[in-house]
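To find a chain, count down the sequence lines: A is the first, B the second, and so on, and within it residues start at 1.
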Protein chains: 2
Amino acid sequence: MLNNSKPVRPELRERVLKIVQETGFQPNAIARSLVSKETRIIGVMVPDISNNFYSNLIYGIDSVISEYDYSMFLAISDEVVDKELKYLRLFKEKQIDGVIIASIHFLEGNIQTLQEIQVPLVVTGHDLPGYQIPTVNVNNVQASYDATAYLISQGHTKIACISGPLWDPPCGLDRMGGYRKAMRAHDLPIHEGFVVEGEFTAKSGYEAMRRICEEKIRPTAVFVATDLMAVGVLNYLYDHGIRVPEDISVMGFDNLELASLSRPMLTTVHNDPFMYGKAAAEQLLRQIRNEPVERMSTVPHHLVIRQTVSALLK
Amino acid sequence: MLNNSKPVRPELRERVLKIVQETGFQPNAIARSLVSKETRIIGVMVPDISNNFYSNLIYGIDSVISEYDYSMFLAISDEVVDKELKYLRLFKEKQIDGVIIASIHFLEGNIQTLQEIQVPLVVTGHDLPGYQIPTVNVNNVQASYDATAYLISQGHTKIACISGPLWDPPCGLDRMGGYRKAMRAHDLPIHEGFVVEGEFTAKSGYEAMRRICEEKIRPTAVFVATDLMAVGVLNYLYDHGIRVPEDISVMGFDNLELASLSRPMLTTVHNDPFMYGKAAAEQLLRQIRNEPVERMSTVPHHLVIRQTVSALLK
DNA sequence: GTGAAAGCGCTAACAA
DNA sequence: TTGTTAGCGCTTTCAC
């Protein structure tokens, strides 16, 4: 009756409602879930919540699921494979209604667990070619291609690249791949000392830039696979009196809040994690409702031209 | 038997384990919770997850609760009073084992709900004088006093203050209060045009600094109640060719990652949200285990001297 | 040691 | 329209 499942005589309704008030009755969602077989909880797994990218992703997810009275169970994997598996299992045990995974180690064991888990699932930040798992992602190769091509269009030819870690294909392989593809397409040589693998921190960008600067020749532009690293690059350059963009141009990737907060303001690829989160949540909700979903949704990207790239005058 | 509750004949154990393997049996945590009356889930409510302060707080909480096999239910209130109440009720319904609240509107209705909720509870970022609710917090007044006193010790006398929003007493009233107290203690006059109320964004810091610069006289130093606003201040100054710290000194508050990423690097008050989160989680776990808890734990603060404050030479 | 049964708080189905 | 009951998947208790 409390769920309006049946029509009820007004007098009775009133009496019940009064008692509910008086005793401070609160329904027990656990008991309800046991019989209804739904918890209205979505499990979200991220590698690192102190990274603004992932916290905005979470924000995007929350903004849509909370509309539909779902709430969020949050798992932080710390990029540790064991934790990833542990949480996948935990989601299952807790009878969660759906799962969104943001970045997971691309390993056989993991992917298999993902396939076997009998729960609606969306993976963001990875393409999973050949698997029947819905993903939402930017076209990292194309976006990196566009970023690099822009640098080239500005007259740069000696272009360095700091990629993400190779264990994360989207930020590692794909973004570096886009860079290589653009260089090749424009018949530009790649000096291998100019392409270095970074991690997901500002510090690693700082270090990577140092290594590039230790080369005999200096690039006139750098494409950096994440904004956080790009800020590290900017700081290395600032600390060593190398002017941006006069001496060297810097192109980031992600368009974090940080990018517009830095001075000079970072030119970068817009890759809105909030939108990711929204798209992923929408796909997941469709799955839960048994509506058709796209196997791979690609979220659009575009360049944000700010202050760190200048045209090269010959 | 699966929970090692009883001794079992090895032969039987083996047979059962084999079937478990074969059928891929997964325990149902919901059913278990219904009888055991514990969910091993902690509810966490934050106002804004895209703010690095709160995402690090969450990280701190997670780092301790995951040690003890608790997991996290995340609620984002968006600083909306209705959502705060809604989630408080939801926590109760979902039979969550404990709740950590980071910043909540300080209103009668809310505080009363907090008191009536029959769930272990810790509030961070607020002092709740006169209520029996355990809190963990820095001493905001003292920390702001220290920050301002440091500016004074460097020879500054014309010091401005950009506070947090007044609806949030810790960042608003308290931090502004510490500033006022320090000025008074050193017999320094406060020019009221120099104290302005900000919000929790870099943009609001930018705007606040503009207003201060529109005054007839200019301060030689600014104490800004949050690093995010302080970055806005730095950017305003940069964009208007006012040098930091040569022309004006800037003191932040929080020591976000951002603070060491900015150039010049921000001098600020260290106020580690990760530590907050850890302390809050520890207090909460103690409460859940019926161990004694502190009513108000104060987490220590200290100044981080970097590059944005210089001594004033007369 | 082992198996059977009661019951956690709810919903759904069925009688009255 | 209303009241009663079975059963969701587990733990706990109690008899065997």
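The distance from atom CD of B:Glu38 to atom C1' of D:dC10 is 14 Å, rounded to the nearest whole Å. Between the CZ atom of A:Phe25 and the P atom of C:dG9 there is a distance of 10 Å, rounded to whole Å. In this entry the distance linking CZ of B:Arg32 with P of D:dT12 reads 10 Å, nearest Å. If you measure from atom CZ of B:Arg15 to atom P of C:dG1, you get 16 Å, rounded to the nearest angstrom. One can place NZ of A:Lys92 at 13 Å from P of D:dG9, the figure rounded to the nearest angstrom. Computed from coordinates, the B:Gln26 CD to D:dC10 P distance equals 10 Å when rounded to whole Å. Atom CG of B:Leu34 and atom C1' of D:dC10 are 8 Å apart (whole Å).
Counting heavy atoms from C-beta outward, B:Thr298 and B:Val138 have side chains that stay 4.5 Å or more apart.
Taking every side-chain heavy atom of A:Pro27 into account, C:dC10 is the closest of C:dG9, D:dC10, C:dC10. Taking every side-chain heavy atom of B:Val35 into account, C:dG7 is the closest of C:dC10, C:dG7, C:dG9.
Between A:Phe53 and A:Tyr276, the ring centre distance stays below 6.0 Å. You'll find the ring centres of A:Phe73 and B:Phe73 outside the 6.0 Å limit.
Checked for salt-bridge contact, B:Asp254 and B:Arg175 meet the test: a charged N lies under 4.0 Å from a carboxylate O.
Judged by distance alone, the side chain of A:Asp78 and the main-chain N or O of A:Val80 form no donor-acceptor pair under 3.5 Å.
If one axis is set at each end of the helix from C:dG1-D:dC16 to C:dA16-D:dT1 from five pairs, those axes are 50° apart, to 10°.
Counting only N and O atoms by type, the side chains of B:Asn137 and B:Thr135 include no donor and acceptor under 3.5 Å apart.
Contact check, A:Lys37 against C:dT11: no side-chain N or O comes under 4.0 Å of OP1 or OP2. Checking the phosphate oxygens (OP1, OP2) of C:dG1, no side-chain nitrogen or oxygen of B:Arg9 falls inside 4.0 Å.
The residue among A:Ala29 and B:Glu11 whose nearest nucleotide of DNA chain C is located toward the 5' end is B:Glu11.
To the nearest 0.5 angstrom, A:Ile42 atom CD1 is 11.0 Å from A:Asp62 atom CG.
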